[in-house]
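These notes are about the structure you will find just below.
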Amino acid sequence: MNNQRIAEVFDDIAGLLEIKGEKVFTVRAYQRAARTISRLPTELETMLSDGEDLRQIPGIGKAISDKIGELVDTNRMRFYDNLKSEFPDGMLDLLSVPGLGPKTISRVWKELGVTSVVELEQAASDGRLASLPRLGQKTADNILRSIQFARTQDQRTPIADALPAAERLVAALLERNTAILALAPAGSLRRFEETIGDLDLVCATHDAESVLADFVALPGVAEVLGHGGTKASVLLDDGLQVDFRAVPPRQYGSLIQYFTGSKQHNILLREHANRLGLSLNEYGISDAKTGELEEFDDEESLYRRLGLQYVPPELRMGESEVVLAREGAIPALVQVGDLRGDLHVHTDWSDGRDPIEVMVVAARECGHEYVAITDHSAGLGVANGLSPGRLASHNARLKEVERDAGGIAVLRGSEVDIRADGSMDYPDCALAELDWVVASVHSAMNQQPDVMTERIVSAIRNPHVTAIGHLTTRLIGRRQPIEADFDTIFRAAADTGTVLEINASLERLDLKDVHVRRARELGVTFVIDSDAHTAEHLDNLRFGAAVARRGWCRAEDVLNTLPAYELLALLRLPKPERAGALRARR
DNA sequence: GCCGTTTTCGGCCCGACTGTTTTCAGTCG
C-alpha cells in the first residue's frame with residue numbers, strides 16, 4: 001500500500017472521528033499524520049521493511065505507527081473498518097461542502113437521516129434543514145449555494161495558471177493606483193506550492209479605500225464576493241478566487257507573514273511565541289501580560305523578535321523549519337541569481353520554435369555564461385528528433401554559433417531518450433561527441449516500479465550521461481509521475497556523479513520539492529534547467545530555483561551555479577572523478 | 001493522539017465572520 005493511499009485512510013479516520021464528536025486534538029493528530037505521510041519522500045512500506053522506526057517521524061507516535069504497520073502488513077486496519085461501519089457510506093463527502101462542518105453533519109444525519117450530498121441538497125431545498133433548531137433559512141440557502149458551486153469548481157489551480165494570473169493582476173493594479181506602497185502575492189503561491197486554492201494578495205497603503213475600489217474594478221473580475229474597508233474578494237472569469245487585503249505599511253510585515261502561512265507553520269510559530277510569553281496574530285506580537293502590541297513593517301524583524309532566523313516562504317510548511325530556525329540551522333538557499341547558465345534548451349532543429357542562434361543570443365541576454373542546446377534524439381519521432389547524421393550537423397552548427405555569439409559558451413548537447421529497456425537512443429560513439437547529455441524517459445511510462453528503476457539506473461550508469469531530465473515525467477494536474485524506487489535512483493546518481501535535473505517548466509516542476517530534499521540528503525547534485533522551447537521560456541529558471549529552495553538546496557548543491565570555466569573543466573573529467581569532485585564541493 | 005526550553009501529564013494558535021441568538025457555537029483560513 002503506497003503512502004498516498006495510507007494518507008487517505010488517515011484523512012478518512014480524521015473526518016469520521018470529527019463527525020463522531022471525538023476530541024479535536026485527536027482529530028488534528030490524525031490530520032497531521034495524513035499530511036506528513038503524503039509528503040514523505042520514501043514509501044512507508046520500504047521504511048518498515050528496512051526496519052526503520054516510524055516514531056522518528058514528527059507527528060507519528062505509537063498508536064499511529066502501529067496502525068500503519070497493520071495497514072502495510074495486512075492491507076486492512078481494524079480500527080478504520082470498525083469506525084467506517086458506524087456510518088453510512090457517503091458521509092465523508094459531506095465534509096467537503098463549504099460551510100458545513102462536523103457538528104452540523106452529525107445533526108442532519110441523526111435528525112433528518114441525511115447521509116449524502118444529494119440528500120443534503122434535497123433537505124436544504126424543501127425546508128427541512130431550515131426547520132432544525134439553531135439553523136435557519138439563510139444557513140440552508142448558503143449550503144445549497146455551496147453544494148452547487150462545489151460541483152463546478154472543486155479543483156485547485158495548477159501554479160502554471162495561477163502565477164501568470166497573479167502577475168497580471170499585480171501589474172494592472174500598480175498601473176492604476178499610485179497609492180500602493182507594496183503589493184505581493186501571499187499564500188500558497190508565495191510558498192510556491194504546485195497547486196493553489198485561492199490567490200491571496202496583500203498590499204501596503206495609506207489609502208485602502210481607493211486601492212480596494214480599483215481592485216474590484218480590474219479587468220477579468222467576473223464577480224465581487226465581498227468589498228469592505230480593508231479587504232475584498234472577487235471571482236475571476238476563469239473561476240479563480242482572489243482575496244485582497246490592504247493595511248498601513250507599519251503592519252505590512254505581520255500581514256504578509258500571516259497570509260503567507262502555511263497554516264501549520266503559523267501554528268508552530270505561535271506555539272513558539274507562547275513559550276516566550278508572547279502572542280502572535282496578523283497585526284503584530286503582543287506581550288501576554290501587558291497586552292501591548294508591537295507592529296512589524298517587514299517579516300525579517302518579526303522573525304528576529306521571536307528569536308528566530310528568517311524562514312524563507314518556500315520552507316514554511318510547518319515541518320522542521322521552526323525548530324531549525326531557533327537553532328540557526330536554516331541554510332542559505334540557492335537563488336535564481338546564483339544560476340550562471342541553462343543546460344536544457346530546445347530549438348527548431350527538433351520541437352523548439354526558435355533557431356539556435358536566437359536561443360543562444362537570448363541566453364546571453366539573460367546573463368548566462370553558458371547554454372547547452374539539447375534537441376531531442378531520433379526516438380522521439382513526434383518531436384522531430386535528430387538522427388545520428390543530423391546530430392553531427394547540429395554539433396557543427398553549434399560550434400559556428402558559439403564563434404559568433406560574443407563570449408557565451410555553447411555546449412553541444414542532446415536530450416536523449418532512455419528506451420524502455422534502459423539503453424540509450426544514440427550509440428556510445430555519438431554520445432562521446434557531446435559535451436552534455438540529458439537522458440530522459442518519454443515513453444513506456446507505466447512500467448512496473450522495479451523495471452522502471454532498473455531502466456533509469458542503467459542510464460545513470462552510462463559513462464556519457466551527464467544528467468537525468470524530468471525524472472518522474474509527471475505533468476501537474478494532467479499526468480501521474482512514474483512509479484519507481486527513488487532512493488535507489490538517488491543513490492546511484494550520487495554514486496556515479498550523474499546530476500538530476502530540476503526541470504523548471506511550470507507544467508512539470510520535476511523533480512518535485514520532497515524528492516529534491518530527499519535526494520540532497522543522499523548526496524545528489526542538481527541542475528536547474530528551463531527546458532525552453534522558445535526564447536521566452538528561458539525565464540522559467542526562476543521557477544526551478546523556487547523548487548530547489550523548497551527542497552532545501554544551497555548554491556553548492558546546484559551544478560549550474562558554477563562559473564563556465566569550472567563547469568567545463570568538471571565535464572571533461574571522467575564520471576568517477578567528477579563524482580568525487582561533486583562530493584568535495586558540498 | 002502527540003509530545004517535552006514549564007510539562008511523561010496536561011496542554012495543544014488565533015481571530016474573523018456568520019447566523020442564530022440575547023451571549024455564543026460553528027466554520028474557516
- Just compare dG26(B), dG1(B), dA16(B) and give me whichever is closest to any side-chain atom of E282(A). dA16(B)
- Query: If each of P98(A) and S65(A) is mapped to the nucleotide of DNA chain B with the nearest heavy atom, which maps nearer the 5' terminus, i.e. the 5' end?
  - Reply: S65(A)
- Using the P atom as the reference point in each nucleotide, state the distance between dC13(B) and dT5(B) in Å, no decimals. 16 Å
- Is any side-chain nitrogen or oxygen of N266(A) closer than 4.0 Å to OP1 or OP2 of dG29(B)? no
- Side chains of R549(A) and Q335(A): does their closest heavy-atom pair fall under 4.5 Å? yes
- If dT8(B) has a Watson-Crick or G-U wobble mate with both distances under 3.5 Å, name it; if not, just say none. none
- Query: Do the side chain of K263(A) and the base of dG29(B) come within less than 3.5 angstrom through a donor-acceptor pair of N or O atoms?
  - Reply: yes
- Query: Taking CG from L268(A) and P from dC3(B), how many angstroms apart are they, rounded to a whole number?
  - Reply: 12 Å
- Query: Under 4.0 Å between a Lys/Arg side-chain N and an Asp/Glu carboxylate O for R134(A) and E111(A)?
  - Reply: no
- Nearest whole angstrom, please: distance from the C1' of dT21(B) to the CZ of R134(A). 6 Å
- Message: What is the separation between atom CD1 on I105(A) and atom P on dG26(B), rounded to the nearest whole Å?
- Response: 13 Å
- Within the modelled atom types, does a donor on one side and an acceptor on the other bring the side chain of R326(A) and the base of dT5(B) under 3.5 Å apart? yes
- Query: Given dG15(B), is OP1 or OP2 found less than 4.0 Å from the side-chain N or O atoms of N281(A)?
  - Reply: yes
- Task: Output yes when a side-chain donor or acceptor of D200(A) lies under 3.5 Å from a complementary backbone atom of T260(A), and no otherwise.
- Result: no
- Decide yes or no, distance alone: a donor-acceptor N/O pair under 3.5 angstrom between the base of dG29(B) and the side-chain of Y258(A). yes
- Message: Quick check on DNA chain B: between L132(A) and K62(A), whose nearest nucleotide comes earlier from the 5' end?
- Response: K62(A)
- Quick one: is dC2(B) close enough that its OP1 or OP2 comes under 4.0 Å of any side-chain N or O from T26(A)? no
- Item | Short side-chain to backbone donor-acceptor contact, R586(A) and R520(A), under 3.5 Å | yes
- In whole angstroms, the gap separating C1' of dG15(B) from NZ of K231(A) amounts to 10 Å
- Nearest whole angstrom, please: distance from the P of dC17(B) to the CG of N142(A). 16 Å
- Which whole-number value in Å describes the distance from L225(A) CG to dC28(B) P? 16 Å
- Think R28(A) has a side-chain N or O under 4.0 angstrom from the OP1 or OP2 of dC13(B)? yes
- Does OP1 or OP2 of dT20(B) have a side-chain N or O of T139(A) closer than 4.0 Å? yes
- Query: For Q31(A) and dT27(B), what is the distance between atoms CD and P respectively, to the nearest whole Å?
  - Reply: 13 Å
- Message: Taking the basic N atoms (NZ, or NE/NH1/NH2) and the acidic carboxylate oxygens, is any pair closer than 4.0 Å for E319(A) and R39(A)?
- Response: yes
- Would you mind reading off the distance between K23(A) atom NZ and dG11(B) atom C1', rounded to a whole angstrom? 12 Å
- Task: Using a strict cut-off of less than 4.0 Å between a Lys/Arg side-chain nitrogen and an Asp/Glu carboxylate oxygen, indicate whether R5(A) and E8(A) qualify as a salt bridge.
- Result: yes
